[in-house]
Amino acid sequence: MDYDFQEIEKKWQQRWRDSKAYKVTEDSSKQKFYVLDMFPYPSGAGLHVGHPLGYIASDVMARYKRHQGFNVLHPMGYDSFGLPAEQYAIQTGQHPAITTEKNIARYREQLDKIGFAYDWDREVRTSDPEYYRWTQWIFGLIFESWYNKDTDKAEPISTLIQKFEENGTYGVNAHIDEDWYKELDMSKFPFFGEHFAGDFTATDWKSMNEEQQQLILMHFRLAYIADSVVNWCPALGTVLANDEIKDGKSERGGHPVVQKKMRQWSMRITAYAQRLLDGLEKVDWTDNIKDIQRNWIGRSEGASVFFQVDGHNAQIEVFTTRPDTIFGVSFMTLAPEHELVKQITTDEYREAVEQYITSAQLKTERDRQADVKNVTGQFTGAYVLHPFTGEKIPVWIGEYVLAGYGTGAVMAVPAGDQRDWDFAKKFNLPIPNIFEGVDISEKAEPSKDVKLANSDFLNGMKCKQATAKVIAELEARGIGRGKINYRMRDAVFSRQRYWGEPFPIYYKGDIPYLLHPDDGQVTLPKIDKFLPTEDGEPPLARAKKEDWSVWKGDRMEYNTMPGWAGSSWYFLRYMDPKNEKEFASREKVDYWNQVDLYIGGAEHATGHLLYSRFWTKVLFDLGYIGFDEPFKKMINQGMILGRSNHVYRIEGTNTFVTAEKKDEYKTQQLYVDINLVDNDILDTEAFKKWLPEYADAEFILNDKGQYTCTFAIDKMSKRWYNVANPDDLCEKFGADTLRLYEMFLGPVEQHKPWDTKGINGVHNFLRKYWRLSHDKGNKFVVNDNAPTPAELKSLHTAIKKVTEDLNRFSWNTVVSTMMICVNELTELKCNNREVLKQLTILLSPYAPHIAEELWEKLTEGKEGSVLNAPWPAFNESYLVESDFEYPISFNGKTRFFLTLPVAMTPAEVEAAVRANENTAKYLDGKEIKKVIVVPKRIVNVVI
RNA sequence: GCGGGCGUGGCGAAAUUGGUAGACGCGCCAGACUUAGGAUCUGGUGCCGCGAGGCAUGGGGGUUCGAGUCCCUCCGCCCGCACCA
């Protein structure tokens, strides 16, 4: 064999390991470049060819930047806390740490075979106590912070306490729930009295005991515990965050999810809603991901309006984006769960209302969503007064109003909103027209570009003007105000599981306290079983007191942190992974700074990518890092799908019929292992040996005597026998071929089916490249003459294009460019040492093993590793051609070619065209209106 | 319904600011060497036509000397959100 990739790859992987070729240290004399992959969860199934796609792309970039002289940080680690290991533990009793360890070893082995340039000395594992001690520390930091809206940043809770001590709540402008004080257990605050509305004096504060102070502070903390309505997944036995739910079911496992009020930890991410929105302007991500995040945050501008309840000392606050339509309000709808429903419902309607609420509660989230078109509702008997006209407006409850958005109440304007219109139609409520010259008898008019009518002081105005006017009026009368509402909710932060970070929290009574650093680190205690306790406590409640590394107060926190905790800051730990004193030193964080290029899947848009941005902003606010967006540029790699093959068995027999003839029989479609199929042709002998039941299979073949399979594109799964495994491909073709082929398949961003057919072409390219410097006997032969102009032209064309394409992250076109270059050099029989050296550097990011091998031969070992070779400089002068064949077109149609010196100016070209005899022929007596000369491309004669 | 993206040979795909559409690879066809090989090399390969030539980037229209690229419109596919007031 000429190109012995197995030998070469083994040799260089060993040498790189031995010499720590990819070790990187901070070096202020060099410019840094930080390339990051989304670290994987080490699952039991190992890697398939889809996983490395993004890793290869980032590896190419890391190596390219290194050639360019950058100090490149390119780390890898494992997001090793998670559900599968825990569920395996529940089934087998094996500790998740052991499963995880085993899976990581397997991942590492697979990754090593592909030849990645990771600095493994910087590896992190989120489940490692040395790592999660800092996750716990950051949690503590967030717990000990509040959000000051005046400075628009998070501050230590001590600054808040100081304000309380000096002036009470006066002058405190914190991000906090508007009616936070309603959640307080007032029996614990007898001195506040019944009119307490959240304000207290310095004297009040100082007179409170510690429990009372802590209860109040909890409402200000950025990490807090509260009774909140959460998504409870009974099958998984844990709560889930909104982003972990898809279509009303758990993202993992697809189990039903119900709404339940539970005492849970949350993160006050809502404090950062606006900054998370604004920060998107500063990062280079796809519009798609940015829009998903914008949508998730869900900012809407409008107004908050108070409606007085008729006959009650109560007001109902509504949020509306169309305050200009306020004169069109003909009824009000509350969410069934709205807190005032019970209070205002009249006796006459009480039974019907309660029935309606019960039936609404019985529906799961999914049922509600599926039932959108079915309008339901119930009158409460109560009325509110219109804030401007004083008119009595009936109050209804309806499922279409969501308790979790806005205030859980809407002012219904059937003329302007289709849902209100539908509701009004169904229950025969009035539909007053408030638009000039618009017919609303068939549907609502949602346009903002129509003039208002029947609207008192808003008549004749359009939406924009009327909105400003009505908000000013509401504010002047003290019955409403302009408001910005966000759809995003605070993120639930506790999980009732074992395999996650334990909280650094202990309890005195019901009050949680943060552990002091001197208390030592809480690590996961030993437990007998990984199930929740009989009375529904999280698994950690099973641990005996003496099995805890720290035990303080009355008890420890039994919840663990969610999967996104560890991944929200891992990119910072890579910068200083061994630091025992800090999560990372400020000096190193300042050096490595933001991730310059982040590659990973788009599925984390509303999870990991949002939470990382949130934590980064908190750390920035508190002065621990110098940037507030973690990922400067991001590219989302597409999924690689599997191409599965089918065979057709005639029912009731063991005879298989080729795809061309399958319709002549009654057949059953079966999946067949893709390794038994080549180019959709089945290897029938191998098929018989594949499974015992097929040992005596018979075949009906096509006219060519072959058995043809059909195919389908599915996700890769063992079930379909369509999993392509990188180890097999490395074995058969080599890591360099695999790397090149994955990049060659198409744009990295795109979803695409894996198809091994084309891999031969890429493999042949590497063999051709090898043979440039090896003769038929595989002897290394190069010449040291000066490169010929033709060789230089071919080489520099490649240098130019490869450099440009890498700069615009177009991985796939680079491979084609290099193939063309090698084809041309083969044609030229080029074995020039200098040319091959340059070409080898170009190829090295994609195919590092073969590049390193040839580099060693070409430099006779005198120039060190190709990894450090400077990127070839492009020289324009080698590309200059003496002549160029200009296609001459008449009115856009090419008629003939004219060979002219390329150095000619457009004016000279035009003169030459006019003078040419062919021109007169095609002019056919007509006149030339204009001659357009595009340098080196085309000449168009307009006649 | 709203938001984002896409549509180019038999297939994966190129075409960077509008400038010779289909580079490169697969597959296919023919040939060579040989002779059971899924090896290698050479040539061909968008469609119609013997040919000159004509037609081609989902359909239709527009701007332009010139459109895959820009504008309008319709059709189809993928992704995200979805009673968000």
Side-chain angles (χ1 to χ4, degrees), chain A residues 246-247 286-296 298-300 302 318-323 325 332-333 335 368-369 371-376 398-402 404-413 416-420 422-423 446 485-488 602-603 605-606 636 638 678-681 683 740-741 744-747 749-762 764-765 767 801 804-805 807-808 810 812-823 885-894 897 929-943:
Chain A
K246 292 268 178 300
D247 300 327
T286 61
D287 289 337
N288 177 30
I289 298 273
K290 287 188 184 185
D291 279 329
I292 292 173
Q293 291 209 348
R294 286 193 191 106
N295 206 307
W296 185 262
R299 177 191 154 110
S300 43
V318 301
F319 174 75
T320 174
T321 52
R322 293 294 303 276
T325 62
M332 176 181 276
T333 318
R368 269 207 194 192
Q369 280 176 15
D371 216 16
V372 164
K373 284 185 194 97
N374 195 9
V375 179
T376 66
E399 271 186 294
Y400 83 99
V401 179
L402 305 174
Y405 181 76
T407 61
V410 303
M411 55 175 233
V413 182
D417 185 293
Q418 193 57 46
R419 291 156 312 183
D420 296 344
D422 293 340
F423 196 88
N485 196 49
Y486 298 92
R487 189 162 68 207
M488 184 169 65
E603 66 273 17
T606 53
N636 306 108
D678 182 55
N679 200 13
D680 292 338
I681 305 298
D683 180 339
L740 274 160
Y741 186 56
F744 181 67
L745 267 178
E749 299 92 334
Q750 226 158 78
H751 296 303
K752 45 196 167 263
W754 178 260
D755 187 350
T756 318
K757 265 195 305 196
I759 202 166
N760 270 316
V762 170
N764 282 341
F765 153 68
R767 298 184 55 199
K801 197 149 176 0
E804 280 172 1
D805 286 354
N807 286 342
R808 64 185 176 105
S810 172
N812 57 329
T813 50
V814 170
V815 184
S816 300
T817 303
M818 291 190 301
M819 285 179 175
I820 295 167
C821 182
V822 166
N823 283 345
E885 220 184 346
Y886 284 89
I888 311 300
S889 305
F890 289 78
N891 285 348
K893 301 247 184 283
T894 303
F897 289 86
K929 283 197 194 127
K930 200 167 33 163
V931 177
I932 294 144
V933 180
V934 181
K936 282 189 69 180
R937 288 211 180 91
I938 191 166
V939 177
N940 193 15
V941 182
V942 186
I943 52 181

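Within every chain, numbering begins at 1; the chains are lettered A, B, ... in the order of the sequence lines, protein sequences first and strands thereafter. Every heavy atom of this structure was used, including side-chain atoms; hydrogens, water molecules and symmetry mates were not.
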Checklist line | Listed nucleotide nearest any side-chain atom of A/Asn295, set B/C81, B/C65, B/A85 | finding: B/C81

Checklist line | Presence of salt bridge, A/Lys290 and A/Asp287, under 4.0 angstrom | finding: no

Check: Between A/Phe319 (CZ) and B/A85 (C1'), how many Å, whole number?
Finding: 8 Å

Note to self: The side chain of A/Asn940 is closest to which nucleotide in this list: B/U16, B/C65, B/A85?
What the structure shows: B/C65

Next item on the list: Measure the acute angle between the ring planes of A/Phe319 and A/Tyr405, then classify it against the limits of 30° and 60° as parallel, tilted or perpendicular.
Entry: perpendicular

Next item on the list: Searching all strands shown, indicate the nucleotide that pairs with B/C50 (Watson-Crick or G-U wobble; both distances under 3.5 Å).
Entry: none

Margin query: Taking only the P atom of each, what is the distance from B/G10 to B/G22 in whole angstrom?
Written below: 16 Å

Notebook entry, point to check: Do the non-hydrogen side-chain atoms of A/Arg487 and A/Asn295 ever get within less than 4.5 Å of each other?
Noted result: yes

Notebook entry, point to check: Of all the choices, B/A14, B/A23, B/G27, which nucleotide is nearest to the side chain of A/Thr813 once you look at every atom?
Noted result: B/A14

Next item on the list: Give, for atom CZ of A/Arg299 and atom CG of A/Asn485, the distance between the pair rounded to the nearest 0.5 Å.
Entry: 10.5 Å

Note to self: So if I take every side-chain heavy atom of A/Tyr400 and compare against B/C83, B/C65, B/C24, which nucleotide ends up nearest?
What the structure shows: B/C83

Margin query: Can you identify which nucleotide, out of B/A14, B/G4, B/A85, has its nearest atom closest to the A/Pro747 side chain?
Written below: B/A14

Note to self: Counting the atoms with a prime plus P, OP1 and OP2 as sugar-phosphate, which does A/Gln750 contact under 4.0 Å by heavy atoms, base, sugar-phosphate, or nothing?
What the structure shows: sugar-phosphate

Checklist line | Separation of B/G66 P from A/Lys929 NZ (nearest whole Å) | finding: 11 Å

Check: Taking any strand in view, what nucleotide pairs with B/G9 in a Watson-Crick or G-U wobble way, both distances under 3.5 Å?
Finding: none

Check: In whole angstrom, what separates A/Lys801's NZ from B/C24's P?
Finding: 12 Å

Notebook entry, point to check: If we call it a pair only when both distances are under 3.5 Å in a Watson-Crick or G-U wobble match, what pairs with B/U64?
Noted result: none

Next item on the list: For the side chain of A/Asn288, starting at C-beta, report the closest nucleotide among B/U16, B/U20, B/G4.
Entry: B/G4

Notebook entry, point to check: The side chain of A/Lys757 lies closest to which of these nucleotides: B/G27, B/G3, B/A13?
Noted result: B/G27

Item checked: For B/A23, the Watson-Crick or wobble partner whose two distances fall under 3.5 Å -> none

Checklist line | Counter-base of B/U57, judged by Watson-Crick or G-U geometry with both distances under 3.5 Å | finding: none

Next item on the list: Report which part of the nucleic acid A/Asn485 touches: base, sugar-phosphate, or nothing (heavy-atom distance under 4.0 Å, all strands).
Entry: nothing

Next item on the list: Kindly give the heavy-atom pair with the smallest separation between A/Thr321 and A/Ser300, and that separation in Å.
Entry: CG2-CB, 3.9 Å

Notebook entry, point to check: When the P atoms of B/G46 and B/A21 are considered, how many whole Å apart are they?
Noted result: 14 Å

Notebook entry, point to check: Quick one: does A/Asp805's side chain have a donor or acceptor within less than 3.5 Å of a partner on A/Ser810's backbone?
Noted result: no

Checklist line | Separation between the P atoms of B/G58 and B/C6, rounded to whole Å | finding: 13 Å

Item checked: Exercise: identify the closest heavy-atom pair between A/Met411 and A/Arg322 -> CE-O, 3.9 Å

Next item on the list: Take atom P in B/G43 and the same atom in B/C26, then report the distance between them in whole Å.
Entry: 14 Å

Item checked: B/U8 versus B/U57 - spacing of their C1' atoms, nearest Å -> 4 Å

Note to self: If you only use heavy atoms from C-beta on, which nucleotide in B/G5, B/C24, B/A14 is closest to the side chain of A/Asn812?
What the structure shows: B/A14

Next item on the list: Output the distance between atom CH2 (A/Trp754) and atom OH (A/Tyr741), rounded to the nearest 0.5 Å.
Entry: 6.0 Å

Notebook entry, point to check: Toward the 5' end of RNA chain B, which comes first, A/Thr817 or A/Leu745, by nearest nucleotide?
Noted result: A/Leu745

Check: Is the base of B/G9 syn or anti, where syn means the angle lies within 90° of 0?
Finding: syn

Notebook entry, point to check: Does B/A36 pair with anything, Watson-Crick or G-U wobble, both distances under 3.5 Å, and if so, with which nucleotide?
Noted result: none

Margin query: Considering every strand and a 4.0 Å limit on heavy-atom distances, what is the contact class for A/Ile292: base, sugar-phosphate, or nothing?
Written below: sugar-phosphate

Notebook entry, point to check: Can you check whether A/Asn764 has a side-chain N or O nearer than 4.0 Å to OP1 or OP2 of B/A39?
Noted result: no

Margin query: Roughly how many Å apart are B/G19 and B/G68, using the C1' atom of each and rounding to a whole number?
Written below: 13 Å

Next item on the list: Indicate, with a heavy-atom threshold strictly under 4.0 Å, whether A/Asp755 touches base, sugar-phosphate, or nothing.
Entry: nothing

Notebook entry, point to check: Roughly, in whole Å, what's the span from CZ in A/Phe744 to P in B/A13?
Noted result: 11 Å

Note to self: Say we look at B/A15 and B/U69: how far apart would their C1' atoms be, to the nearest angstrom?
What the structure shows: 10 Å

Checklist line | Gap between atoms NZ and P, on A/Lys930 and B/G19 respectively (whole Å) | finding: 17 Å

Check: Where the side chain of A/Arg808 is defined as all heavy atoms beyond and including C-beta, which of B/U20, B/G19, B/A15 is the nearest nucleotide?
Finding: B/A15

Item checked: A/Tyr405 OH to B/A82 P, straight-line distance once rounded to whole Å -> 13 Å

Notebook entry, point to check: Where the side chain of A/Ile820 is concerned, which of B/A85, B/A23, B/A13 is the nearest nucleotide?
Noted result: B/A23

Checklist line | Pairing partner (Watson-Crick or G-U wobble, both distances under 3.5 angstrom) of B/G43 | finding: B/C29

Check: Considering only the P atoms, how many Å lie between B/C70 and B/U16, rounded to the nearest integer?
Finding: 11 Å

Margin query: Which nucleotide, if any, forms a Watson-Crick or G-U wobble pair with B/C81, using both distances under 3.5 Å?
Written below: B/G1

